[in-house]
Amino acid sequence: MPARKTTRHRNPRNKDSARRYSSVVVDGYAQAPSRAMLRAVGYKDADFKKPAIGIASTWSNLTPCNMHIDKLAKAAAAAVDKAGGKSTTFGTITVSDGISNGTPGMRYSLVSREVIADSIETVSGAQGFDGVVAIGGCDKNIPGCMMALARLDRPAVFVYGGTIKPGKQRRDIISVFEAVGARAAGTISDKDLSEIERTAIPGPGSCGGMYTANTMASAIEALGMSLPNSSAQEAVSGHKLQDCRDAAKAVLQLVKADLRPSQILTRNAFENAITVAIALGGSTNVVLHLLAIAHTVGVPLELDDFTRIGKRVPVLADLRPSGKYAMSELIKIGGIQPLMKMLLNEGLLHGDCLTVSGKTLAQNLKSVKPYPKNQDIVRAFSNPIKPDSHLVILYGNLAPEGAVAKITGKEGLSFTGRARVFEGEENALQAILDGVVGEGDVVVIRQEGPKGGPGMREMLSPTSAIAGRGLAGKVALITDGRFSGGSRGFVVGHIAPEAAVGGPIGLIRDGDEITIDAVSREIRSNVSNAEFAERRKVWKAPAPYARRGVLAKYARSVSSASQGAITDAE
């Protein structure tokens, strides 16, 4: 195993183990200017002798996922101060996938993961925080927070902002996306669409199925970086406020013990996270984000690890988008802790992994009670939804570096059809809404990869339109972009190499036969190697979408999706 790569800076001069970093900023007569600045923001004499704890808040009123996090940050900060630390709250950005999906703005979504990680690392490193509590509530600020904590390698706890309550008739944001397709098909009216739009999102919290936010929150709990049950609490609840207070106390204990993320984020911890994400039927984005977090902390993790683990881990939770139930309904029967105990008892989790509670995973689960006997949200091992993973890593002449499919088995296990090729999401969406795409088509959406997009947009609008038009299972969709956790159907994303760098997906033409086989884990075209070679001779790299600004910088530095779309690859 290679040495861990972090950006931490130890302070050998400091004898106060609880103030390894803050003492450099505030101790001694030479640091009087620093203390003067801090007095202006509320520091008192006694505060300079306390551990400095940063509260990284992703609050924003631009999305329901994060609109309440200011209250959670205040609760965490007050608890830090009460427990003997000195809190400082600071902010970072967020963007809303639900709002920007299907628009050019979605190009900024995955980019924001890097900006969030960079900003939390920057503030925490500059201010000399001894520990950090990071609170995230949306798809990219959750992994962004985790990447920052891994880089800093200072005592830290992640707090999930919590899930949203269900809308009317158990609706959520995916109900609205799929209603658009139904409206295009003429199966619902404008009035029906308006009513769904107005009743799907009742208030604060992350999207309510086992979509990306809830998947990543669950994976992080399994990683050991959040307290037990943090992933399975509603955003607006006393439990979530208490979670923030408990995290504040926990981070001070971690500071005292000098227990850091690099001691928690081990290879076995990542295997636990993959296992839990599979059992929950989680989002394909968990592949992208776990690869990125593992890279950040220096743990070797590859696409093939998802296949290896997936061969022995079943899908047990009947959760949306492919299943029936919402996260709030899983919370009512106990959240993910009973599921984790089931997995541990089956020998599918590494129980000796350390967690931010200061205990091992097995110790955290020791007193957890099983699910109620009459529930049907989480199935027994004897009756799984799928006996192995729904996250299927595919290879073949269309994806030499790999691709990620989300195949629950409900769509079937293989699909062969004729390619219908689109340059970019907008063209594909319009064709789907106009009825151009029909049964037996394999929709190919390219120029949406990490570099080509840039930013690897989610294809939620096209997949939802396909479902809304009644074509789920009858049409497949493949892309060098990615998918929302809310996407369902026969879909394959993360195809690498991407079209913009000359990958085979960029050489496909209308009418080519494409086969996707979840059993053999293969995605291939009937185009011969010789024909691909001829097409490559006339292929030209597309002009970049942006030549300046953050999108251009991202496109120049980002790696392949098969590596997690990281921006600091060597």
Does [X] reach the side chain of [Y], with side-chain heavy atoms less than 4.5 Å apart?
X: Asp172; Y: Ile164; value: no
X: Phe129; Y: Leu152; value: no
X: Pro384; Y: Leu316; value: yes
X: Glu221; Y: Gln337; value: yes
X: Tyr554; Y: Val115; value: no
X: Ser562; Y: His494; value: no
X: Leu280; Y: Leu330; value: yes
X: Leu227; Y: Val356; value: yes

Any chance you could measure [X], atom [atom1], to [Y], atom [atom2], to the nearest 0.5 Å?
X: Leu344; Y: Thr275; atom1: CG; atom2: OG1; answer: 11.0 Å
X: Leu348; Y: Arg312; atom1: CG; atom2: CZ; answer: 5.5 Å
X: Tyr325; Y: Asp318; atom1: OH; atom2: CG; answer: 6.5 Å
X: Lys74; Y: Cys244; atom1: NZ; atom2: SG; answer: 13.0 Å
X: Asn141; Y: Ile120; atom1: CG; atom2: CD1; answer: 8.0 Å
X: Ile99; Y: Ser109; atom1: CD1; atom2: OG; answer: 11.5 Å

Can you name the closest pair of heavy atoms from [X] and [Y] and give their distance?
X: Arg260; Y: Pro155; result: CG-CD, 3.8 Å
X: Gly282; Y: Leu391; result: O-CD2, 3.7 Å
X: Ile116; Y: Ser119; result: O-OG, 2.9 Å
X: Leu149; Y: Pro261; result: O-CG, 3.6 Å
X: Asn285; Y: Gly485; result: ND2-N, 4.1 Å
X: Ala148; Y: Ala117; result: CB-O, 3.5 Å

Would you please say whether a donor-acceptor pair under 3.5 Å links the side chains of [X] and [Y]?
X: Thr360; Y: Asp352; result: no
X: Lys406; Y: Thr284; result: no
X: Tyr160; Y: Asn214; result: yes
X: His295; Y: Asp568; result: yes
X: Asp246; Y: Gln242; result: yes

Looking at [X] and [Y], would you say the former's side chain and the latter's main chain have a donor-acceptor pair under 3.5 Å?
X: Arg267; Y: Pro300; answer: yes
X: Lys451; Y: Val558; answer: yes
X: His350; Y: Ala269; answer: no
X: Arg107; Y: Gly455; answer: no
X: Thr212; Y: Ser283; answer: no
X: Arg154; Y: Ser124; answer: yes
X: Tyr371; Y: Leu339; answer: yes
X: Arg113; Y: Met147; answer: no
X: Lys140; Y: Ser112; answer: no
X: Thr89; Y: Ile55; answer: no

message = Surrounding CZ of Phe48 (heavy atoms of other residues, nucleotides or ligands, distance under 6.0 Å), is the total greater than 12?
response = yes

remark   = Exactly one candidate in Lys50, Lys49, Lys44 meets side chain to side chain donor-acceptor pair (under 3.5 Å) with Asp47; the answer is Lys50

query = Where do Glu114 and Lys553 land on the side-chain contact (heavy atoms from CB on, under 4.5 Å) test, with the steps shown first?
reply = CA-CA 11 Å; Glu114 311 305 305; Lys553 287 190 289 186; over 6 Å; no

request  = May I have the step-by-step check of salt bridge (charged side-chain N to carboxylate O under 4.0 Å, His left out) for Asp130 and Arg19, ending in yes or no?
outcome  = CA-CA 6 Å; Asp130 300 302; Arg19 299 177 55 248; 5.3 Å; no

task = Might you work through the salt bridge (charged side-chain N to carboxylate O under 4.0 Å, His left out) test for Arg151 and Asp118, ending with a clear yes or no?
result = CA-CA 9 Å; Arg151 291 179 194 171; Asp118 290 350; 2.7 Å; yes

Can you give each donor-acceptor pair under 3.5 Å made by side-chain atoms of residues 65-73, sequence neighbours left out, with the distance rounded to 0.1 Å?
{"from": "Asn66", "atom 1": "ND2", "to": "Thr58", "atom 2": "O", "distance (Å)": "2.9"}
{"from": "Asn66", "atom 1": "ND2", "to": "Thr58", "atom 2": "OG1", "distance (Å)": "3.0"}
{"from": "His68", "atom 1": "NE2", "to": "Gly161", "atom 2": "O", "distance (Å)": "2.8"}

query = Taking 4.0 angstrom as the limit, do Glu302 and Arg308 come out as a salt bridge?
reply = no

key: salt_bridge(Asp243, Lys240) N-O dist < 4.0 Å   = yes

Pair Met216-Ile293, side-chain contact (heavy atoms from CB on, under 4.5 Å): steps then yes or no = CA-CA 11 Å; Met216 284 307 302; Ile293 297 167; 4.2 Å; yes

ask   = Yes or no on side-chain contact (heavy atoms from CB on, under 4.5 Å) for Ile142 and His289, after CA distance, side-chain angles and deciding distance?
value = CA-CA 9 Å; Ile142 296 174; His289 297 322; over 6 Å; no

task = Evaluate side-chain contact (heavy atoms from CB on, under 4.5 Å) for Gln253 paired with Val157, printing each intermediate quantity in order.
result = CA-CA 11 Å; Gln253 290 300 314; Val157 179; over 6 Å; no

remark   = Thr88 meets the side-chain hydrogen bond (donor to acceptor under 3.5 Å, both in side chains) criterion, sequence neighbours left out, with Tyr43

message = Please evaluate residues Ser60 and Thr94 with respect to the criterion side-chain hydrogen bond (donor to acceptor under 3.5 Å, both in side chains), reporting the C-alpha separation (whole Å), side-chain torsions for both, the decisive distance (0.1 Å), and the verdict.
response = CA-CA 7 Å; Ser60 171; Thr94 193; over 6 Å; no

